[in-house]
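What follows is a single structure, written as structure tokens, with notes after it.
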Amino acid sequence: MESQKPMAPKPAVAAAVKKEEKISNIRGIKNASIVILVCAACAVCIFLFGMGYGGNFEGGTTDGHPLNLAGTVYKGGFIVPILMTLLLTVIVLSVERWIALSSAAGKGNTSKFVADIKADLAANKIDAAMKRCKDQKGSVASVVYNTLVRYKEMDENTTLSKEQKLTTLRNEVEEATALEMPSLSQNLPILATLTTLGTLVGLLGTVMGMIKSFQALAASGSPDSTELSTGISEALVNTAFGIATGAFAVIFYNFYTNKIDNLSYAIDEIGFSIVATFAATHK
């Protein structure tokens, strides 16, 4: 019996294999818990060995009156390293999102890329558009490239109706977009949480500092000025850290959300153009 020869792959299968080629390379931190732990370790070290250095206080010990801003911040109490952890986390994740979204945007200007792809589609230069995607890289280019691969497959398909082909293209755009979006918005929920958490923790430190101040005022005889100043320092330092953490988190969260929205609009615009071009050029 003759051995059967392996069958050649069908065009659809070949197209599917080709589609696995990756164009975008979105960099980013996958596990934010590691960032939080590292930031916590750094915050504790700064608090104990930097701000708690004896030279920052009268008498060379932390029991003395602070001589500079570092000593004043140290008097904020144990809430300070917690707030420092939150603030450092906001800064690190903001830098991480900047790198990730910069890689997602690709090498060139996104608006120009969208205009060039639309021009290639209008001229029916599908191969040129695919080459442009490889040069651009990024999330938008990745979605467009995968959709154009499906475009060529539908162009060569003679069994499906025009409506079925258009539905396939629309589904391809939605699927490719759904695969890219999680990488773009990763770690943003943590920033959103820190907008509120930082303020609340700062408020907790403020309340604890005011309690110490009132305890010093309520002491019998003349109030202990050291205890009073310590309580006020704790209240004000924690308030400042809480406001700074919440403000930075809100600013960066809204900034990156806007960038993601712009990328989403670009993907939707090109996806609509691809489907519209196919509908106009095919019977």
Side-chain angles (χ1 to χ4, degrees), residues 8-28 30 97-186 188 256-282:
K10 296 181 180 180
V13 176
V17 173
K18 187 179 180 181
K19 182 183 171 183
E20 293 299 322
E21 181 179 352
K22 298 294 183 183
I23 298 176
S24 64
N25 184 24
I26 301 178
R27 298 181 294 270
K30 303 299 182 182
R97 280 298 87 193
W98 175 268
I99 296 173
L101 292 180
S102 295
S103 66
K107 292 185 176 180
N109 182 271
T110 303
S111 299
K112 184 179 183 302
F113 172 73
V114 172
D116 291 341
I117 290 294
K118 293 174 71 174
D120 289 337
L121 291 173
N124 198 29
K125 298 179 179 178
I126 306 303
D127 291 333
M130 294 176 69
K131 183 179 183 302
R132 199 182 299 278
C133 292
K134 291 183 178 180
D135 295 336
Q136 173 74 10
K137 300 182 187 270
S139 294
V140 178
S142 177
V143 173
V144 175
Y145 181 85
N146 291 331
T147 306
L148 290 177
V149 170
R150 184 68 69 181
Y151 185 104
K152 292 189 68 175
E153 181 183 337
M154 293 297 100
D155 190 32
E156 299 170 358
N157 190 294
T158 58
T159 59
L160 297 178
S161 65
K162 179 180 178 180
E163 287 301 322
Q164 289 175 321
K165 293 178 180 180
L166 290 175
T167 301
T168 301
L169 284 177
R170 294 190 190 98
N171 291 339
E172 181 62 31
V173 173
E174 294 176 359
E175 179 184 347
T177 304
L179 291 175
E180 291 290 334
M181 286 300 105
S183 297
L184 297 179
S185 59
Q186 190 173 24
L188 283 184
Y256 292 130
T257 299
N258 183 65
K259 288 181 69 71
I260 292 173
D261 288 342
N262 291 336
L263 291 175
S264 300
Y265 296 151
I267 291 173
D268 293 339
E269 183 179 357
I270 298 183
F272 177 81
S273 297
I274 294 175
V275 175
T277 300
F278 190 92
T281 56
H282 293 74

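Keep in mind that what you see is a predicted model, and the values were worked out from it rather than measured.
Atom CD of E174 sits about 12.0 Å away from atom CG of L179, to the nearest 0.5 Å. The OG atom of S142 lies 12.5 Å from the NZ atom of K134; values are rounded to the nearest 0.5 Å. To the nearest 0.5 angstrom, W98 atom CH2 is 5.5 Å from K259 atom NZ. Here the CG-OG distance, from L184 to S139, works out to 4.0 Å after rounding to the nearest 0.5 Å. Note that the CZ atom of F278 and the CE atom of M154 stand 7.5 Å from one another [nearest 0.5 Å].
Between S183 and R97, the shortest heavy-atom contact is O-NH1, 3.0 Å. A141 and C133 make their closest contact through CB-O, 3.4 Å (heavy atoms, listed as atom of the first residue, atom of the second, distance). The heavy-atom pair separating A129 from I117 by the smallest distance is O-CD1, 3.6 Å. Closest non-hydrogen pair, A266 versus V114, comes out as CB-CG2, 3.8 Å. Of all heavy-atom pairs between T168 and R150, the closest is CG2-CD, 3.7 Å.
Under the 3.5 Å distance criterion, the side-chain polar atoms of R170 are left unmatched by any main-chain donor or acceptor of G271.
Applying the side-chain hydrogen bond (donor to acceptor under 3.5 Å, both in side chains) rule to T159 yields the partners N157; only residues at least two apart in sequence or on another chain are considered. The side chain to side chain contact (heavy atoms under 4.5 Å, CB included) check on A279 picks up K162, L166, with sequence neighbours excluded. Legend: residues meeting side chain to side chain contact (heavy atoms under 4.5 Å, CB included) with Q164, ordered by chain and number and at least two apart, are L160, S161. Partners of D127 by side-chain hydrogen bond (donor to acceptor under 3.5 Å, both in side chains), not counting sequence neighbours, listed by chain and number: K152. Y256 is linked by a ring-ring contact (aromatic ring centres under 6.0 Å, His included) to nothing, counting only residues two or more places apart in sequence or in another chain. Considering only residues two or more places apart in sequence or on other chains, D261 meets the side-chain hydrogen bond (donor to acceptor under 3.5 Å, both in side chains) condition with none of them. With sequence neighbours excluded, the residues satisfying side chain to side chain contact (heavy atoms under 4.5 Å, CB included) with S264 are M181, I260. By the salt bridge (Lys or Arg N to Asp or Glu O under 4.0 Å) test, K131 pairs with D135, sequence neighbours left out. Under the side chain to side chain contact (heavy atoms under 4.5 Å, CB included) criterion, N262 pairs with N258, Y265, sequence neighbours left out.
Test I270, L169, T147 against V275 for side chain to side chain contact (heavy atoms under 4.5 Å, CB included) and you get one pass: L169.
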Criterion side chain to side chain contact (heavy atoms under 4.5 Å, CB included) on V173 and I274, from CA distance to verdict | CA-CA 9 Å; V173 173; I274 294 175; 5.6 Å; no
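Two residues are said to be in side-chain contact when any heavy atoms from C-beta on lie closer than 4.5 Å; T281 and D155 fail this criterion.
Legend: salt bridge (charged side-chain N to carboxylate O under 4.0 Å, His left out) pairs involving residues 107-121, not counting sequence neighbours, sorted by first then second residue: K112-D116, D116-R132, K118-E269, D120-R132.
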